[in-house]
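Here's the structure, in C-alpha cells; my notes come after.
When a residue number appears, it is its place in the shown sequence, counting from 1. Scope of the values below: all heavy atoms of this structure, side chains included, with no hydrogens, waters or symmetry mates.
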Amino acid sequence: MTRLNTETAPAPVSNELWTVEETAAFLHTPIGTLYQWRHRRKGPPAAKIGRHLLYDPADVRAWFRDQVA
C-alpha cells in the first residue's frame, strides 16, 4: 500500500476552510468519493454552509492520520 505524503501534497488555495475540491486534491480522492463518505458518515468531518460543504484542514489531517494509524 502506498502512503500519501501529506507534507508534499498540493497546498489548497484557502488557509481558512477547504472546499470539496481542495479537500479532494489534498487527499488525492475523487470529489464524488467525499460526497459518498459524507452520506455514509465515513469521511473527514465537514460543515455545510448554505449549499457549500467546507472542511477544516486540521480536521482533515487528523482524520487522515487516524486512517493510516
Side-chain angles (χ1 to χ4, degrees):
M1 177 176 153
T2 304
R3 286 194 172 189
L4 175 65
N5 183 349
T6 59
E7 297 301 320
T8 61
V13 177
S14 172
N15 290 333
E16 297 293 319
L17 296 174
W18 291 350
T19 64
V20 173
E21 293 82 8
E22 291 169 327
T23 304
F26 176 79
L27 294 173
H28 298 270
T29 303
I31 293 169
T33 300
L34 288 175
Y35 285 116
Q36 287 177 12
W37 286 346
R38 177 152 171 86
H39 178 73
R40 296 176 183 163
R41 300 176 194 261
K42 294 181 82 175
K48 189 157 186 172
I49 308 299
R51 62 183 191 160
H52 301 283
L53 200 56
L54 299 173
Y55 294 83
D56 183 330
D59 290 343
V60 174
R61 287 186 175 102
W63 176 84
F64 178 78
R65 280 190 301 274
D66 290 345
Q67 302 309 301
V68 296

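Shown here for P30 and A24, the closest heavy-atom pair between the two residues is C-CB, 4.3 Å. Shown here for D56 and L17, the closest heavy-atom pair between the two residues is CA-CD2, 3.8 Å. Residues R38 and A46 share a closest heavy-atom pair of NH1-O, 3.3 Å. The two atoms that bring W37 and G43 nearest to each other are CB-N, 3.5 Å, heavy atoms only.
Two residues are said to be in side-chain contact when any heavy atoms from C-beta on lie closer than 4.5 Å; Y55 and W63 fail this criterion. A 4.5 Å side-chain heavy-atom check between I31 and E21 finds at least one atom pair inside the cut-off. When side chains are defined from C-beta on, T23 does not count as touching L53, because their heavy atoms never get closer than 4.5 Å.
Note: R61 CZ to L27 CG = 10.0 Å, rounded to the nearest 0.5 Å. Atoms CH2 and CG, from W18 and D59 in turn, are 10.5 Å apart once rounded to the nearest 0.5 Å.
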